[in-house]
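No experiment lies behind these values; they were computed from the predicted model shown. Residue numbering restarts at 1 for every chain, and letters A, B, ... go by the order of the sequence lines.
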Amino acid sequence: MSKPTANWEKVGDKFYRKVQLYTGVFDPDLELDKYNVAGAPYSGAVAIYRDEEKLHTYRGTQAAKSSIDIYSCAGKLIRRIAWDKGTIKGLGWSEDEKLLVVTEDGTVRCYYDLQGDFIPFSLGHDAEEHGVVSCKFYSTGFVALLGNNHLISVARYDEPRPKLLAVPPSEEIISWAIIPPAYSLSRSVEVILAIGTTLYVVDATEAENRDFTAGPFRHISVSPRGEFLAFYTDDSKVWVVSGDWSEKLSEYNSRAKTMPKDMQWCGSNAVALAWEDEIHLIGPNSSATKFYYDSWVHLLPDVDGLRLLTHEVCEYIQKVPDETVSVFRLGSDSPAANLLEASSLLEQKSPKADDLIQLIRPSLAEAVDTCVKAAGHEFNIHWQKALLKAASYGKSVLDLYNSDDFVDMCETLRVLNAVRFYEIGLPLSYDQYKRLTPESLIERLINRHEYLLALRISEYLHLPVAKIHEHWAAAKVRHSTADEASTAQLIVKKLYGKPGVSFEQIAHAAYDEGRVALATELLNYEPRAGKQVPLLLAMNEDIIALDKAIESGDPDLIIHVLLHLRKKLPLASFFRVINTRPVATALVESSAWDSDPELLKDLYYQDDRRLDGSNLLISEALSQPDIHASEDKLHLASKYLADSKPFASHRTHIDDALRLLKLQQQFDKDLGLDGPTSPGSTHNPTSYTGLSAHQTIFTLLKSGHQKRASRVASDFKIPDKTFAWLKLRALVAARHWMEIEELAKMKKSPIAWENYFNEVLAAGNTRVASLFVPKCTGLSAKERVDMWVKCGLLVKAGEEAVKSKDGALFEEVRTRASGSTLLELERIGVALGGR
Amino acid sequence: MAPLTPLSASEISEKARRELLLLLEGVRGKKNLVLEKALAGPLNLLVKFSTLQEYGVDKPFFLENDNVDSSQRNVVFLVRGEKAKTVMKVADQIKRIRRDSQIEHEFSIFWVPRRTVVSDQLLEEAGVLGEASVSSWPLFLVPLADDVLSLELDDAVHDLYLRKDPTPIFLSARALMLQQQKYGLFPRIFGKGDQAKRLADLLIRMRTELNAGDNNTSNGPSFLGLTPSSTIDSLIIIDREVDFPTVLLTQLTYEGLIDEVFNISANQTEVDSSVVGGAATQPGQTGSASTSLKRKVLIDSKDPLYSTLGDANFAVVGNLLNVAARRLQSSTERNQLAAKTTAELREFVARLPGYQAEQASLKLHTSLTEEIIKFTRTDIFMRSLEVQQNLMSGADPTTQHDLITELIARDVPLPLILRLLCLESTTNAGMRPKDLETFKRTIIQAYGPQHLLTLSSLEKMGLLGPRGGTSLGAIPAAKPGTVTNYTPLRKTLRVWDDDVNEADPNDISYTFSGYAPLSVRLVQSIIQKQTLANLIKPSTHPQASAQANPLAQGLRIFDDACKYVRGATVDEVQKGEEKAGKAKSMLNGAHNEGKTVVVFFLGGVTRAEIAALRFVGQKLKESGGEGRGTRIVIATTGVVRGEGLVGTAVEERRFG
């Protein structure tokens, strides 16, 4: 076994290693130098397409057909997408391995799986007019540079919304780069443009000149987490500046005569410069190392390192992780290195093993941890095993050790080794795997149709497997040539009852494929009613869709289906459909009240809902600005109920309302009140129209129109009691005290006399109020005494008390009195006598 | 892991707050916020305006006013997206701004609580979907107090009972489902009422759908989430339809009366500043709008003084205020005299702000109380109360008709009359057809013909109707279970309590000075069986009272009562997988004590009922025997009051 340090290079005081991942990657005939290459983050797939600007060897018509080819890192062709849609100006990946292809006319195609299905969207009119020049991608979005130097940013692909960033100067842009929103200070994407000798930073609101003079900058590169920026100047120097632009960290002179073709970060520690077949790796403090190749080399940056791709090999350069350094560095005397040594001695059955263990005893736990971590960072299975064995040995010596990390690492390595296998070709590093998350890894496997492996890993890691099943079934539906019944049977047999499996998704796939019968069959197995609705609508199964929507209980879905039906069906059949479904009817009614009264009218007519129909007309009558129009509507409302017995009384009410309105208009005319236009004074109403019967009488009385009031009362059979109340209140409100005094002379009243007293007293006229006290014969003496007292007539109160021969009551009155009143009371009090 | 307190108010509001601020953060730069009026209250409860400003909100506008200007490039709409009407309003305003404004705007729409398919469809038809970035703010339950969570759906009554629109049920189910996902299934669901049944069915359906659904989207251990909760005891759903009378009655607790007189919305009430003094504590705001003489008063259950007052019967509030005033006075005075050493003095000074706050609160509540007393002393109030008490105690309703007719002749506000009539109708399974007809006529004559619609709406809502349900043909003949029969209920649930003690209450009947809310009685019949059983049928031997009253066994009272109460009865047990359930109880530790009972009022709850339930909760805590420290959390679609309930039906327009 070769030494683990064999591929290490020292750059400054740090070690870098170049791990050979795969060999014999591409067909030797493939001229990789004539291709543009883009690699998906986290060691994902690699997309290549031929650079149109370069000359090619003619290989017959077949090869001349242009295409985008998607390969795994190991060079396995995953998919060939035939391309005849214009010049590609941007090709990149999102972090969930969606391939984005931007053409010159601003059309973006988002290939969401690796199988060639895409969703297109446009960058807008601007892009169409000026053309896209180039694009830069980040994990969830990208920025496109247009011919007129405008920058267009797209922040997400599920709902792409191209947004124009601030407009930079229109001079030629030499090079540019972006800072992803996750790492920029403004939390939105920022663009660095090299224009002339200076740099501009552009975000959504402004384009700021950074006032550099050292340019022109030929290459700009931003480290994966935005903490450093690297620039390549015209005089072959590499500058590294901190991400907040506050300080220049290092400067390196490459002394190269030719311009490098690419500059990328290798993790966050080093910058790689690439020429055709030469790589310079520049570490901190301007130290550098060089690698030479036999053929053209492409740089594919990743979060923690850099993949190099030539057509023979795929290599990975990264800074050697600290744990690995500590274990393997030549002459290392770290505990972990000793533990590894002890473990290999143990294997050789050498007694020295124990000596070594004893030596590192105090820091053994730490040594075990280091070995476990180093194992994780190791690509070589032999060394992984050796390190885990060492860890396990160390663990066995310790009395207490939490093995969780060890177990986790064993699991992780098993997964990693499985996906690194060349047939899968996902050479994830440990850090990448952690950041990618196992769930996304499963997703990637699914997209590669590696269902078995995905399933095994999911089960192994206790992850949900529903998605895998679904995807498998969807693929089955798309590709199987078997007849509908047996395909359905196969899928149902495998998936039915498995939690989380959405048959709707599978059915949808079937429907998209044109296998409608299969889709219907599969949809029956979907337990979530709501989920079935959109597909059912698409399949023109509207009635079933409505029933399913009702079943789901979601009013939103029900209305959605109803709107659809309303557009599609003639009114009569629409009503027939909702008629038997009360919830649907209620929702139609409810929304029609707000927006579509005509529909409501038809609905009521169709269903013969007389009362509702008539009420609707009344409601419309109320909304009419003109009183005559209101009357017409009311007539209609009345007619609507014409020959239905149960609503006779309702009809009478409507007719009464009409009569009242007529009468009121008559009053308005007679009394010269011209509707709302007359500038009404405070006592007199502007108009009688629209008042209720009671209000009409009240207002008439208040304005002194006795006769008219009585007429209304008799016309509308207002009870005497009510009329008496109205009269009392109206007179009090108008302060017609004289007339109230007249009332007091009446013998009888339909309502109790104390009401007169109370109302008048409340209006503040104690004199008139007192007139009513003697008439309240139905009350007790005490109450009458109180009434007198309230009017301030203590003497009268005293008399009342005396009359009832109530000493205590009299005493109470007496205590309130003073001065002459008191004397007067004393005088009356004598009559009580006895005390 | 500390045991989770299910449905904790602070947790819910914190989550909602965070989500909103995150959304606002997503819109870069300053922005104008366009708010639906109905959301202003909940928003105010969750986030201070100053915080919104920190997150770039420049000016707030109301959607209803349609006046958002183009002063900011970013315009953010925060609206409920369930109704087509509001969606269209948003679309229209976006179009208007786009047309009128010179600059290019960035529109964002935050739908509350979810983005709907229909809203997308409507926006697309209006041609603005592409213009706006759409997201949702999943605001379901808003905590009004530590134990009261509300969906704050102002239209719930209107939708549920007048339009028969199931939207509130669906949103309630969603809200409860979210809580279930977090704290585990409600081990048992009780409920009464047809809509309650629908809600329960929907919950069960959602559970199966969730099981089948994509559990990879829900974060957290979803396979544990769908087992019965070990911290929640049960869910009790009360459909408002089952118990309209409680809402129709005048609430007699302090908080209830504040609501009746001043109208509380989202814990805030507006009081004329002549009543509480114009001590506007917000400088800079007073200058501009001098015409508004209203002052906003926060009804804050965390205020120590208010917490003793709020749920008390109004009759004793005066005394309580007196006691508080005297205590405050003596403690400040005594301290002033006794404070001799500097240390004591410092301590006193440190406590001063507390005193001052208390003083301010005392002053506020004294003036509120005075105002309410003015209201309760009026002849009209006393008469309507008289009618209510007579009706509830079981007097012959026809004896009350003269009084009601007189009130109509005196032109008291219509809602009051409607409350009385509906109360009669709902407690007596309808009114005599002849009486009903007379009253209808009188109301139309007194208040105007437009109220033909009002009366129809009331009938549709089931608030008003002829006995036997024969007259208007709309309702088929009464079947058992379609009406609530109060006569037997007075006995089986003792909903009328003759010897009520308002000062030192021993039963929930104190909240209405005699009537014990049926809704709360139903809850009691499930969670406080023993006490209720003893109340209904006091055992003959005083010493035997500690032993089980035969009535208290199982669900006897509940089952008995349900026979006489309208609507379907729900009693569902939710089981999970045995293994997972065990694992969960292992993880959380087995709690048999201190479980939470969630009482959900579909269609709204009154403040008096909240007080009554708090009283029950208090008793459960102290009795030790029965409750085992059970905690009651009240959830609802919104807080209602009688005026609001009948108000939904009242037609506001008039002829002319």
Counting only heavy atoms closer than 4.5 Å, note whether Ala621(A) contacts chain B via side chain, backbone, both or neither.
both
Say you draw a straight line from CZ of Phe655(B) to OG1 of Thr689(A); how long is it, rounded to the nearest 0.5 Å?
11.5 Å
Could you tell me whether a side-chain N or O of Arg198(B) sits under 3.5 Å from a main-chain N or O of Gly553(A), the two making a donor and an acceptor?
no
The interface call for Leu728(A) against chain B, heavy-atom contacts under 4.5 Å, is neither
Check the side chains of Arg653(B) and Ser619(A) for a donor-acceptor pair under 3.5 angstrom, ignoring hydrogens and angles.
yes
Side chain, backbone, both or neither of Asp612(A) within contact of chain B (heavy atoms, under 4.5 Å):
side chain
Between CD on residue Glu459(B) and CG on residue Leu611(A), distance to nearest 0.5 Å
7.5 Å
More than 12 heavy atoms from other groups under 6.0 Å of NZ on Lys89(B):
yes
So which of Ala762(A), Ala204(A), Pro582(A), Ser552(A) has the largest heavy-atom pair count under 4.5 angstrom toward chain B?
Ser552(A)
With a 4.5 angstrom heavy-atom cut-off, could you sort out which part of Lys717(A) is near chain B: side chain, backbone, both or neither?
both
With a 4.5 Å cut-off on heavy-atom pairs, point out which of Thr585(A), Ile618(A), Ile559(A) contacts chain B the most.
Ile618(A)
Ignoring hydrogens and geometry, is there a side-chain-to-backbone donor-acceptor pair from Arg161(A) to Gly130(B) under 3.5 Å?
yes
Under 6.0 Å from the CG atom of Asp379(B), do we count more than 12 heavy atoms belonging to anything else shown?
yes
Counting only non-hydrogen atoms closer than 4.5 Å, does Glu652(B) touch chain A with its backbone (N, CA, C, O), its side chain (CB onward), both, or neither?
neither
Does anything in residues 161-169 of chain B reach chain A? List residues with heavy atoms under 4.5 Å apart, or say none.
Arg163(B), Lys164(B), Asp165(B), Pro166(B), Thr167(B)
Can you say whether Leu587(A) sits under 4.5 Å from chain B via the side chain, the backbone, both, or neither, judging by heavy atoms?
side chain
Run the side-chain donor-acceptor check on residues 444-456 of chain B: report pairs under 3.5 Å with partners two or more places apart or on a different chain.
{"unit_1": "Gln445(B)", "atom_1": "NE2", "unit_2": "Phe716(A)", "atom_2": "O", "d": "2.7"}
{"unit_1": "Tyr447(B)", "atom_1": "OH", "unit_2": "Val412(B)", "atom_2": "O", "d": "2.6"}
{"unit_1": "His451(B)", "atom_1": "ND1", "unit_2": "Thr454(B)", "atom_2": "OG1", "d": "2.8"}
{"unit_1": "His451(B)", "atom_1": "NE2", "unit_2": "Tyr447(B)", "atom_2": "O", "d": "3.4"}
{"unit_1": "Thr454(B)", "atom_1": "OG1", "unit_2": "Glu651(B)", "atom_2": "N", "d": "2.9"}
{"unit_1": "Ser456(B)", "atom_1": "OG", "unit_2": "Asn615(A)", "atom_2": "ND2", "d": "2.9"}
{"unit_1": "Ser456(B)", "atom_1": "OG", "unit_2": "Leu452(B)", "atom_2": "O", "d": "3.3"}

Looking at CZ of Arg441(B) and CG of Asp656(A), how far apart are the two atoms once the value is rounded to the nearest 0.5 Å?
6.5 Å
In Å and rounded to the nearest 0.5 Å, what is the OG to NZ distance from Ser591(A) to Lys85(B)?
11.5 Å
Heavy-atom closest contact (Arg114(B) atom, Pro555(A) atom, distance)
NH2-CD, 4.4 Å
Inter-residue atom distance Asp554(A).CG - Thr116(B).OG1, 0.5 Å rounding
9.0 Å
Checking Ser133(B) against chain A: side chain, backbone, both or neither under 4.5 Å from a heavy atom?
both
Which atoms of Glu551(A) approach chain B - backbone, side chain, both or neither, heavy atom under 4.5 Å
both
For a 4.5 angstrom cut-off between non-hydrogen side-chain atoms, does Asn755(A) reach Glu406(B)?
yes
Ser623(A) versus chain B, heavy atoms under 4.5 Å apart: side chain, backbone, both or neither?
both
Side chains of Asp411(B) and His694(A): does their closest heavy-atom pair fall under 4.5 Å?
no
Rounded to the nearest 0.5 Å, the CZ atom of Phe170(B) sits from the CG atom of Leu557(A) at a distance of 7.5 Å
Is the shortest side-chain heavy-atom distance between Arg410(B) and Glu759(A) below 4.5 Å?
yes
Tell me, please, which residues at least two apart from Pro160(A) pass side-chain contact (heavy atoms from CB on, under 4.5 Å).
Phe121(A), Val154(A)
Side chain / backbone / both / neither for Glu104(B) at chain A, heavy atoms under 4.5 Å:
neither
Which residues share a ring pair (Phe, Tyr, Trp, His ring centres under 6.0 Å) with His158(B), sequence neighbours left out
none
For Leu129(B), is it the side chain, the backbone, both or neither that has a heavy atom under 4.5 Å from a heavy atom of chain A?
backbone
